[in-house]
Each structure stands twice: as structure tokens, then as C-alpha cells.
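Here is the structure we will look at, set down as C-alpha cells.
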Amino acid sequence: MSTRSHRLSRAMALPLALALSAGAPAACSSGESSTSGSGSGAGADKAGALKIALLLPESKTTRYESFDRPLFEAAVKAQCADCSVIYNNADRDATKQQQQFESAVTEGADVIVLDAVDGKSAASLVSNAKSRDIPVIAYDRFIAGADYYVSFDNQKVGELQGQALLDALKADGKTSGDILMINGAPTDANAADFKKGAHSVLDKSSFKIAGEYDTPDWSPDKAQSLDRGPAVQGQG
């Protein structure tokens, strides 16, 4: 096997394992840029230092900076002595994420772990990386053409959310009424699965979906403003 092929194989295997351990449990087929060095670990070999780019979509949701990033970087440090992490957060800006992706390529990333702001537009980034023999792992959000997709069973998540809502209403003594659904970002394929899963439970209940909204960018501020406006049945 050539040195390049060996590096690519290792570049794929390590961050895929890290993505699984640091964030999502199931695998399918305004941050500042920083590079984190790594400590010693049993997962390293002598193929040369690897650069792993971790590109996250936003920082307004607590999980990304408080959990996903530090857990991923800690896993790198524990498992790969000679690896470094090229980290960036796109702050919900697809154009900014494209620039960060291109910067990671320029910096010599051996593999890119991408949680896309816009999964559809990110397909072109995957295509560009493939033309340069750089594998891409779609982390949490689906991207067509990615080498791997690591995520949850998102439809099941929606089902659990819907059932949890019904259980809470029942506990409060409510057996019927109107529900206003505030869904996720229309640019995130996961949001459609969450919505589908929730509908599969709620639509069979004695409650009525009076209206629903999609929430651009998963923005809490936009979600709060939407629920004060007129509900539009089936929007998005």
C-alpha cells in the first residue's frame, strides 16, 4: 500500500471512530479558528502527523461549544499522538463555512468532519474535497456524497419528542386541544426527520396540529418570534 493510501485509510478510520465516540451514537453510509495539538495514545502510528478538520455549524446552541468540540478534541488527544485538529465554527453562515472548509483544505487537512449549516449546498464542498482525495465525514447532518454519515436515528428522535409531549399533557390532565409545532431549519435534513417522527405520533392523538413553522438557522430568537405570529398549517 502506498504512503498516501495508508494516510487516507488512517485519516478515515480515526475521525470516524472519534465522531462516533464524541457525539452521535449511530453511523449511516462566532468561533475562532484554532489548531489543537494532541497528546500520546495507542491509536497513533508512524505514518506521519494527520490533520483532522472539525467544522461545526453554529455556537448559539450550547451543545456545539460545550460538548461536541471538547469531546472530539479530547478523543483525538487520547487516541492519536501525532494528530492535530483544525477547528472552526460557522455561526450559522453557509458562506462562512465554505470559506472555513476551503481554508482547511489549504491547511492540508487529511480528512474533514463537517456538520453542515446547509446540507444541500455542502454537497459541492464534498465534491471539491473528493477531487483532492480528501475524505469527508458528514457529522450529525446528512450531506449527499459524503464518504460517511454519522448521526442519530432522527425519525425516532421525533417520535420520542412527540410522545414525551403527549405524556406531559396527559400528566397535566389535558386530553385534547391545539398544538403549535415549531420545527427545525429547512436547510437541515434532520429537521425533516424530526418533524416526520413527531407527526407519526401526534397525528394519531386526540390533539390537533393547529399550525407549524420551520425555524431558519435553528435560531432560538426566530423560533420565539414565530410563535407570536399567525400559525400557518403545514408551513415548510
Side-chain angles (χ1 to χ4, degrees), residues 4-5 7-20 22-24 26-36 49-61 63-65 68-69 71-73 75-76 83-152 154 184-193 214-219:
R4 175 62 175 169
S5 296
R7 283 175 61 82
L8 285 177
S9 297
R10 181 168 175 249
M12 285 292 287
L14 176 65
L16 180 58
L18 296 178
L20 285 166
C28 303
S29 168
S30 133
E32 292 293 326
S33 175
S34 66
T35 302
S36 302
L50 289 172
K51 294 182 179 180
I52 303 168
L54 175 64
L55 306 181
L56 297 182
E58 49 109 342
S59 56
K60 207 158 193 178
T61 304
R63 57 165 282 198
Y64 291 112
E65 294 298 328
D68 295 59
R69 177 188 180 183
L71 287 172
F72 189 93
E73 291 181 336
V76 171
C83 293
S84 62
V85 176
I86 301 169
Y87 175 75
N88 271 294
N89 191 301
D91 294 319
R92 298 179 292 152
D93 186 333
T95 300
K96 182 176 181 179
Q97 188 168 70
Q98 178 179 351
Q99 294 167 348
Q100 292 170 346
F101 191 99
E102 292 170 351
S103 177
V105 171
T106 301
E107 290 182 53
D110 293 285
V111 61
I112 298 175
V113 180
L114 176 61
D115 196 339
V117 174
D118 184 337
K120 291 183 179 179
S121 66
S124 64
L125 300 180
V126 171
S127 179
N128 178 40
K130 283 192 171 185
S131 71
R132 299 168 180 262
D133 292 328
I134 302 172
V136 177
I137 297 171
Y139 175 66
D140 195 30
R141 300 179 182 178
F142 178 76
I143 308 170
D147 295 275
Y148 284 92
Y149 169 44
V150 180
S151 189
F152 301 94
N154 294 308
T187 54
D188 181 0
N190 291 0
D193 287 335
D214 290 337
T215 306
D217 306 320
W218 286 98
S219 167

Within this structure, what is the [atom1]-[atom2] distance for the pair [X] and [Y], rounded to the nearest 0.5 Å?
| X | Y | atom1 | atom2 | result |
| --- | --- | --- | --- | --- |
| K51 | I134 | NZ | CD1 | 11.0 Å |
| N88 | Q99 | CG | CD | 10.5 Å |
| Y87 | D68 | OH | CG | 8.5 Å |
| S84 | E107 | OG | CD | 9.0 Å |
| L114 | I137 | CG | CD1 | 10.5 Å |

Closest approach of [X] and [Y], non-hydrogen atoms and distance?
| X | Y | value |
| --- | --- | --- |
| N190 | S151 | ND2-OG, 4.0 Å |
| V126 | G145 | CG1-O, 3.3 Å |
| P135 | V111 | O-CG2, 3.4 Å |
| A185 | A191 | O-CB, 3.4 Å |
| Q97 | A116 | OE1-CA, 3.3 Å |

Is any side-chain heavy atom of [X] closer than 4.5 Å to a side-chain heavy atom of [Y]?
| X | Y | result |
| --- | --- | --- |
| I52 | D110 | no |
| Y64 | D140 | yes |
| I143 | K120 | no |

Trace of the side chain to side chain contact (heavy atoms under 4.5 Å, CB included) decision for F142 with D188:
CA-CA 8 Å; F142 178 76; D188 181 0; over 6 Å; no
Please check this pair: side chain of [X] against backbone of [Y], looking for a donor-acceptor N/O pair closer than 3.5 Å.
| X | Y | result |
| --- | --- | --- |
| E58 | K60 | yes |
| S121 | D118 | yes |
| Q100 | N89 | yes |

Start with the C-alpha gap between V136 and L125, add the side-chain angles, then the distance that decides, and say whether side chain to side chain contact (heavy atoms under 4.5 Å, CB included) holds.
CA-CA 9 Å; V136 177; L125 300 180; over 6 Å; no
Qualifying residue, where the test is salt bridge (Lys or Arg N to Asp or Glu O under 4.0 Å) with D115 and the options are R69, R141, R92:
R141
Please enumerate all residues that pass side-chain hydrogen bond (donor to acceptor under 3.5 Å, both in side chains) together with K130, with sequence neighbours excluded.
none
One pair to check against side chain to side chain contact (heavy atoms under 4.5 Å, CB included): L55 and Y139. What are the steps and the verdict?
CA-CA 9 Å; L55 306 181; Y139 175 66; over 6 Å; no
